[in-house]
Amino acid sequence: MTIDLPLTPEDVNEIAAILDGSSYDRLDIRTSRLRLRVQRSDGGWTQQWSIAEDAGVEADIVAAAGAIVIEALPDGVEGIPAPLPGTFYRAPQPGAPPFVEVGDVVGPESVVGIVETMKLMNPVHAGCAGRVTAICVDNATMVDGGAVLMHVEPA
Amino acid sequence: MIQRLFIANRGEIALRIIRTAHRLGMTTILGASEADRQSWPARVADEVVIVGPAPSAQSYLSVDAVIAAAKAARADAIHPGYGFLSENAAFARAAAEAGIIFVGPDLSSLAAMGDKLMARKVGIEAGLPVVPGGEATDKDAALQRANETGFPVLLKAVSGGGGKGMKRVDRVEDLSHAIDMAMAEAQASFGDPRIYVERFIASGRHVEVQVLGDGESAIHLGTRDCSIQRRFQKLVEEAPAPAIPQEKRAAIEQAAVNLARHLRYRGAGTVEFLVDVTSFDFYFLEMNVRIQVEHPVTEEITGVDLVEQQLLVADGQRLSLTQDMVMPTGHAIEVRINAEDWAQGFRPSPGRATRADWPAGEGVRVDSHMGTGSEVPPFYDSLVGKLIVRGATRDEAVARLTAALDRLSIEGFATTTDLHRAIVRDPRFVAGGVDTRFFEGLARG
């Protein structure tokens, strides 16, 4: 049982109600685990929370997703980028044949794979017309948004 | 009494469960993935056990990993939250075999309602009306069903929920591709690729009834309206469902109680109905045998803590509430703030919150695990928080929501905040009682 209880939504509203009847515009509260700021905004109140600083936190935040990776492409080749960060799949379901193989001809609207992000299956469209010359990422691999998934030699 | 509660979930619902468990004097143990070890719920739980690596298939969705972690932590009970393993009968069975209380209904109710086809059958047995349709084991069967019911049809995951794996198909030539995508999503989200086909009813409202049961008695806590959806993902929910004649509302509530009694239901559940916008005729869709994302709107108008009720019933206690004691007052509305770029087709937008100013004050409740510096990993659902407002009347709630949304500011990734600002100002929403086509008619920008 924790002594340092998290403040409940009711606590936050009580703080706002107390401040409402005062001349104060802001209150900062710091516990060993959390920091809370309640402040006046647009005729009402806002609450801002942050986890108290801790050496472990910074290290983990480095793993922030969504970085756009620009990779060098061989001359005369276009890359098919991942539309967003997530897990890349080459086939519509486990055991099914891949959407495309090296050597296949694709058009801009051709579906060449799936990127699963936040439990949604996002189709990857080729975005260009030509022949697939390389598949750069293995099936079921985590990719960044913009990562090159395949090479296409334009038709 | 449950002493050590294991929470097999993440995000806002994990934090929500921890709050009530602490108030009841329980020790909380959070089973977190590697990606969530620094999350807000991990900071406020009494103990944290890592259940596995970031991908949910190896952590939050792994029955073996979660049960092993709960056993090692000497938990008396497991609260599964919503999504993940919350409606998984194999998980509930494994918990029981490990001597741990599953905070959810009996296996018989999970089996009856976990599979949507079975749910239809049981619903019919309990005397509830249902929409025409049925199972499709492969593409040929799906095509045959679609031809029977006529297009447009709705593809649904047999084990589904939360709109995952659900697709509307308007034309026969789109059916094959839609089935592939629906089966892939169903497999990824629920580990079961089976789907079924139902007639798509274009002009209906999504109305659901919160029920509570203890195996002997069952009561309802009124209606919620979740008609504002995009691709079957709920965006806005309110309680009670507005603009329904009193006798129709009572009939819907009674149908829900009849189903709960038929199942001898234990715990909190939600019976979902499709309601015709003009005749108010209703069809039973499914029953969610868990706490729902939108449960706070019911809590706000009834004053009942639904997570507390779940824990008490799981502990073997009888319901202390009777139907007469539930007297909903006022009106509550919830909007879901998702890490999605709604202007870019609702593209998921993982990232780190460089700023998270949530509204506060009278009639405002925020259920969120998102503070400044918090992370939205790309592995899970995009929900970053729920803004809930309450008013003495619906008009007051709408006014409060409008003002609260204007104070909400999250930076670092795209959110659906602007979308909700547009919805709350839409005259159809202000009037109340919209159908599930509302989103299509929303004025852009």
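Sequence lines set the chain letters: A, B, ... in the order given, protein chains first and strands last, and positions in each chain run from 1.
- If you measure heavy-atom distances from A403(B) to chain A, you find no contacts under 4.5 Å at all.
- In this structure, chain A has no heavy atom under 4.5 Å from any part of S409(B).
- Scanning all heavy atoms of the two residues, the minimum distance from M118(A) to P377(B) falls at CE-O, 3.7 Å.
- Remark: D42(A) pairs with no residue by the side chain to side chain donor-acceptor pair (under 3.5 Å) rule, at least two apart or across chains.
- The contact between Y380(B) and chain A is made entirely by backbone atoms, counting heavy-atom distances below 4.5 Å.
- In this structure, CD1 on I114(A) lies 8.5 Å from CD on E185(B), to the nearest 0.5 angstrom.
- Each of V12(A), T87(A), L84(A) has some count of heavy-atom pairs under 4.5 Å with chain B, and the biggest count is that of L84(A).
- Atom CZ of R19(B) sits about 8.5 Å away from atom CD of E10(A), to the nearest 0.5 Å.
- Ranked by heavy-atom pairs shorter than 4.5 Å toward chain B, the options A96(A), G44(A), G43(A) are led by G44(A).
- Between A184(B) and P92(A), the shortest heavy-atom contact is CB-O, 2.8 Å.
- You'll find the side chain of W45(A) stays beyond 4.5 Å of the side chain of E362(B), heavy atoms only.
- Formation of a donor-acceptor pair under 3.5 Å by the R347(B) side chain with backbone atoms of P83(A) is found in this model.
- Between M121(A) and M181(B), the shortest heavy-atom distance links the atoms O-CE, 4.0 Å.
- Contact between T372(B) and Q48(A) at its shortest, heavy atoms only, is OG1-NE2, 4.0 Å.
- Considering CZ of F99(A) and CG of D180(B), their distance stands at 7.0 Å, rounded to 0.5 Å.
- Within 6.0 Å of the CG atom in D138(A), the count of heavy atoms belonging to other residues, nucleotides or ligands does not exceed 12.
- The salt bridge (charged side-chain N to carboxylate O under 4.0 Å, His left out) search around E109(A) returns none, not counting sequence neighbours.
- Of all the heavy atoms in P9(A) and V366(B), the pair that sits closest is CG-O, 4.3 Å.
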Evaluate the criterion side chain to side chain contact (heavy atoms under 4.5 Å, CB included) for residue pair W40(B) and L34(A); output intermediate values, then yes/no. CA-CA 9 Å; W40(B) 186 349; L34(A) 297 165; 3.4 Å; yes
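- Here R16(B) contributes atom CZ and T8(A) contributes atom OG1; the two are 11.0 Å apart, rounded to the nearest 0.5 Å.
- In terms of heavy-atom pairs under 4.5 angstrom with chain A, the leader among P193(B), G361(B), G371(B), S368(B) is G361(B).
- Closest approach of N13(A) and V364(B) over heavy atoms only: ND2-O, 2.7 Å.
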